[in-house]
K.L.:
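Here's a structure for you.
Heavy-atom basis, side chains included; hydrogens, waters and symmetry copies ignored. One-based numbering, in listed order, for ligands and for the atoms of each. All of these numbers come straight from a predicted model, not from anything done at the bench.
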Amino acid sequence: MSELVTSQKSVLIVGCGIFGLASALEFAQKGYQVTAIDIYEPPSPWSASCDYNKIVRAEYENDIYSKLSVEAIELWKNDPKFDGIYNNCGRVMITPMSFKGRQEFERIGIENLQKLGKALDIEYFKGGKKMSTRFPFLKYNSLKSDEQSKFNPYGGLAHSSNAMIAVYNEAKQLGVKFIFGDDGYAKSITEINGQAAVVCKSGKTYTSDNIIVGLGANTGRLIDLKDQQSATGLFVTFIKLTDDEYLKFKECAVLFDAEMGYFFPPDPKTKLLKIALPGIGSCNKVNDPHSLSNKKISLPRFKNLNPNDTIPKHGEIEAKLLLAKYIPELAYHKLIDSKICWIGDTQDSDFIIDLIPGYKNLYVASGDSGHAFKFLPNIGKYIVNKVEGKLDPTLNKMWSWKSGTGFDPSKCSWRVSNYYPDLSEIDFLKDVKAKL
Ligand SMILES: Cc1cc2nc3c(=O)[nH]c(=O)nc-3n(C[C@H](O)[C@H](O)[C@H](O)COP(=O)(O)OP(=O)(O)OC[C@H]3O[C@@H](n4cnc5c(N)ncnc54)[C@H](O)[C@@H]3O)c2cc1C
């Protein structure tokens with residue numbers, strides 16, 4: 001049972017993505033008076049988690065994140081608001097032996113997870129034959145006889161848009177006041193009586209005892225993050241299964257091939273099967289809004305305002321080759337609804353959850369680095385702890401403000417891709433919208 005704050009302290013949440021919604025709910029549960037603003041109602045098309053499904057996994061090189069993930073997975077499984085949203089379908093992983101960094105990341109990740117008493121039943125395979133009998137959806141896979149793979153039944157996926165809606169609804173019930181549109185579109189930070197305040201597009205200005213800014217990849221537009229975060233565009237695409245195909249493949253696990261990409265079981269409502277292409281990334285270099293020089297930083301260019309931002313043309317071949325290797329029966333499908341999706345990358349992939357230097361009431365909760373969705377059930381607790389000065393010292397240090405770190409994808413051991421071209425260098429695929 002969480003302790004209630006005695007006087008009704010106020011909190012302003014700026015951005016209703018994963019960090020924002022999770023903290024809005026947690027602050028409300030603790031008795032704070034909460035206002036939350038965003039340009040769009042959840043699931044915002046600008047949120048990296050506005051999607052069908054995301055991986056919920058607990059293998060991490062850093063055992064602190066393993067513990068946090070296990071805590072989150074238990075909530076995904078047991079919190080009634082996530083019923084029908086979380087699917088503990090497990091994950092099949094295929095990583096070429098030549099991907100040394102990724103191999104090591106997975107080995108240590110499994111070790112960390114097993115130290116926590118989870119995933120003790122991981123299955124290991126060599127070649128495609130055994131896989132085809134163990135997993136009906138992989139019946140016609142063409143893994144070579146020396147290719148290694150494993151299946152971790154601990155974890156799976158969650159429908160990320162529906163998960164955000166579930167948290168949004170609960171926060172509303174607990175009295176959180178949500179404001180969207182131009183009144184919720186944060187444009188700048190000002191000061192009123194020595195306290196930070198947020199100025200929105202309509203001119204409305206809000207202040208509060210505590211302000212939490214969580215604008216995801218877009219955080220650097222409002223706050224000078226001093227080179228700690230860089231917006232990375234990742235690419236996803238979909239195929240729409242027929243009713244028969246849906247029935248045949250609905251029970252599949254998440255399949256993650258570190259070289260080729262990954263796909264999910266089809267969505268029950270739309271029958272869309274999501275394919276992600278982690279081998280391709282991008283950036284969008286623009287003038288740093290906080291610098292008077294010509295300094296460039298990467299900030300997002302959102303697909304809803306730029307409908308041609310799909311996936312690079314070569315992504316079509318990559319998505320088809322992935323399907324052809326694992327589920328060749330589905331490789332004939334046209335790709336639809338392809339899109340770029342933006343994350344806020346940090347060099348060490350650690351989040352930034354800290355008071356912004358120079359302010360007494362302005363915090364940032366960002367730096368998701370492409371792995372924050374899974375923490376929707378529990379990250380709010382840690383953000384509240386930070387504001388209340390009770391955050392565990394190790395987490396406090398790990399998520400602290402680290403000016404000037406920059407971002408170079410080639411220095412991330414777990415990244416599949418190490419070069420992110422600018423959007424201006426990308427030849428985008430023309431595809432069509434799904435008929436739902
Ligand atoms: C392709 C892809 C695959 C991913 N896969 C996984 C996965 O499998 N597992 C996992 O755990 N994570 C995954 N992620 C990462 C996850 O989606 C993000 O880590 C998470 O959404 C980040 O949360 P956030 O709160 O920082 O930002 P977001 O969720 O992006 O939310 C930011 C919010 O800020 C709002 N906003 C932005 N600018 C303004 C403004 N100026 N004024 C008002 N509001 C504004 C937006 O509307 C949005 O609601 C993936 C991301 C991508 C792109």
K.L.:
Taking His371 for its side chain and Ser349 for its backbone only, find out whether a donor-acceptor pair lies under 3.5 Å.
P.N.:
yes
K.L.:
Does NZ belonging to Lys150 count more than 12 external heavy atoms closer than 6.0 Å?
P.N.:
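Correct, the count exceeds 12.
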K.L.:
Show me the side-chain donor-acceptor pairs of residues 88-96 shorter than 3.5 Å, one per line, residues at least two apart or across chains.
P.N.:
residue, atom, partner, partner atom, Å
Asn88, OD1, Tyr86, OH, 2.5
Asn88, OD1, Gly155, N, 3.4
Asn88, ND2, Pro153, O, 3.2
Arg91, NH2, Glu59, OE1, 2.7
Arg91, NH2, Glu59, OE2, 3.0
Thr95, OG1, Glu106, OE1, 3.0
Thr95, OG1, Glu106, OE2, 2.8

K.L.:
Looking only at the aromatic ring of each residue, does the gap between the centers of Phe238 and Tyr52 stay below 6.0 angstrom?
P.N.:
yes
K.L.:
Determine whether more than 12 heavy atoms belonging to other residues, nucleotides or ligands lie under 6.0 Å from atom CG of Leu292.
P.N.:
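No.
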K.L.:
Say whether Asp345 and Thr232, considering side chains only, have a donor N or O and an acceptor N or O under 3.5 Å apart.
P.N.:
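Asp345 vs Thr232: donor-acceptor pair found between side chains.
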K.L.:
At less than 4.0 angstrom from any atom of ligand 1, which residues have a non-hydrogen atom? List them by chain and residue number.
P.N.:
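Residues within 4.0 Å of ligand 1: Gly15, Cys16, Gly17, Ile18, Phe19, Asp38, Ile39, Ser44, Trp46, Ser47, Ala48, Ser49, Lys54, Ile55, Gly184, Tyr185, Ala186, Gly214, Leu215, Gly216, Asn218, Leu234, Val236, Tyr262, Cys341, Ile343, Asp368, Gly370, His371, Ala372, Phe373, Lys374.
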